[in-house]
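Residue numbers start at 1 and run along the sequence shown.
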Amino acid sequence: MSTNDSTVRPDPTPGDQLTGWLTGLVRSRDYGQLASLRRPRALTTSHIVAAAHAPAEEQREMFEQVAFLFAIYHRGASRPSYGFGTMGLAARRIGSPAARGPKDPGASRLVDRLVSSRRIPWRHLQHTVERLRVCEVPPPAWPQLVDDLTAWSDRGRPVHRRWAYDFHINSYTPKGTAK
């Protein structure tokens with residue numbers, strides 16, 4: 001069997017694998033497992049499966065929590081949203097047509113709470129995901145969220161900085177144009 005470089009894909013990351021399983025629950029309308037994931041302190045089969053996607057034991061809780069956030073966003077959904085960008089870019093979409101992102105005081109407070117936290121701010125992430133859902137805007141890319149939260153405590157806080165930058169700086173505005 002020959003391989004063509006244009007068709008060879010890199011191995012999926014653990015975040016990709018978790019996202020694939022979660023989106024499969026939405027596509028198959030497995031609302032029971034999704035509801036189970038929305039009970040954060042329960043130890044159910046769904047939580048165990050989500051945690052099993054973690055490459056290391058110390059990351060299992062984080063994978064369960066991302067599955068919780070995914071289930072909150074997809075409550076009652078018939079199609080999965082894979083999202084795009086970082087949590088900072090996602091939060092930039094929060095608000096009304098008149099004031100989104102940095103122009104929305106609530107969105108600004110959420111992002112300030114997210115990026116100022118030394119530990120993963122689960123409660124504020126939950127509030128952010130709930131606001132994204134209510135505003136009917138796409139969530140962050142779920143595999144990116146897994147990667148970012150895995151690196152949350154890295155020296156120099158690069159995830160915090162990237163989220164703040166993505167929220168406050170319109171990356172879609174070409175350089176040299178007025179905002």
Is the backbone of S117 close enough, under 3.5 Å, to the side chain of H160 for a donor and an acceptor to pair up by distance? yes
Salt bridge (Lys or Arg N to Asp or Glu O under 4.0 Å) contacts in which one or both residues fall within residues 101-113, not counting sequence neighbours: D104-R131
Which residues pass the side chain to side chain donor-acceptor pair (under 3.5 Å) test with Q126, sequence neighbours left out? E130
Side chains of I94 and V111: does their closest heavy-atom pair fall under 4.5 Å? no
Qualifying residues under side chain to side chain contact (heavy atoms under 4.5 Å, CB included), relative to D154, sequence neighbours excluded: A151, P158
Would you give the length of the straight line joining atom CG of L110 to atom CG of L125, rounded to the nearest 0.5 angstrom? 9.5 Å
Is the backbone N or O of T13 less than 3.5 Å from a side-chain atom of D16, with the two atoms forming a donor-acceptor pair by type? yes
Can you give me the closest heavy-atom contact between L25 and Q33, atom names plus distance? CD2-NE2, 3.6 Å
R75 atom CZ, neighbour heavy-atom count above 12 within 6.0 Å: yes
Sidechain-backbone polar pair: H74 side chain, S81 backbone, donor-acceptor under 3.5 Å: yes
When rounded to the nearest 0.5 angstrom, what is the spacing between CG in L89 and CG in D166? 4.0 Å
Pairwise side-chain contact, T23 with Y82, heavy-atom cut-off 4.5 Å (strictly under): yes
Nearest heavy-atom pair of S36 and T44: which atoms, and what distance? OG-OG1, 2.6 Å
For residues D147 and T150, is any side-chain donor paired with an opposing acceptor at under 3.5 Å? no
Can you list the other members of the hydrophobic cluster that holds L43, where links are side-chain heavy atoms under 4.5 angstrom apart? I48
Would you compute the distance between atom CZ of R38 and atom OH of Y73 and round it to the nearest 0.5 angstrom? 14.0 Å
Check: G15 main-chain N/O paired with T19 side-chain donor or acceptor under 3.5 Å: yes
Any chance you could measure M87, atom CE, to L149, atom CG, to the nearest 0.5 Å? 7.5 Å
Tightest non-hydrogen contact, residues A91 and T128, listed as CB-CG2, 4.4 Å
Report yes if some heavy atom in the side chain of F70 is under 4.5 Å from a heavy atom in the side chain of L145; otherwise report no. no
Correct closest heavy-atom pair for L132 and P138 would be CD2-O, 3.9 Å
To the nearest 0.5 Å, tell me how far R60 CZ sits from M62 CE. 12.5 Å
Return the set of residues passing side chain to side chain contact (heavy atoms under 4.5 Å, CB included) with Y31 (not counting sequence neighbours), or none when no residue passes. R29, L34, S78
Could you check whether any side-chain N or O of W152 sits under 3.5 Å from a backbone N or O of R118, counting only pairs where one atom can act as donor and the other as acceptor? yes
Provide the closest heavy-atom pair for P102 versus S108 in the form atom of the first, atom of the second, distance. O-OG, 3.1 Å
Taking the side chain from R93 and the backbone from P139, do they hold a donor-acceptor pair closer than 3.5 Å? yes
Test item: R100 and V137 side chains (from C-beta on) under 4.5 Å apart, heavy atoms: yes
Is a side-chain N or O of R157 found less than 3.5 angstrom from the main chain of V115, in a donor-acceptor match? yes
Measuring from atom CD1 of I120 to atom CG of L114, what distance do you get when rounded to the nearest 0.5 angstrom? 11.5 Å
Closest non-hydrogen atom pair between L37 and F68, with its separation: O-CD1, 3.3 Å
Pairs meeting criterion ring-ring contact (aromatic ring centres under 6.0 Å, His included) with involvement of residues 37-59, two or more places apart: W21-H53
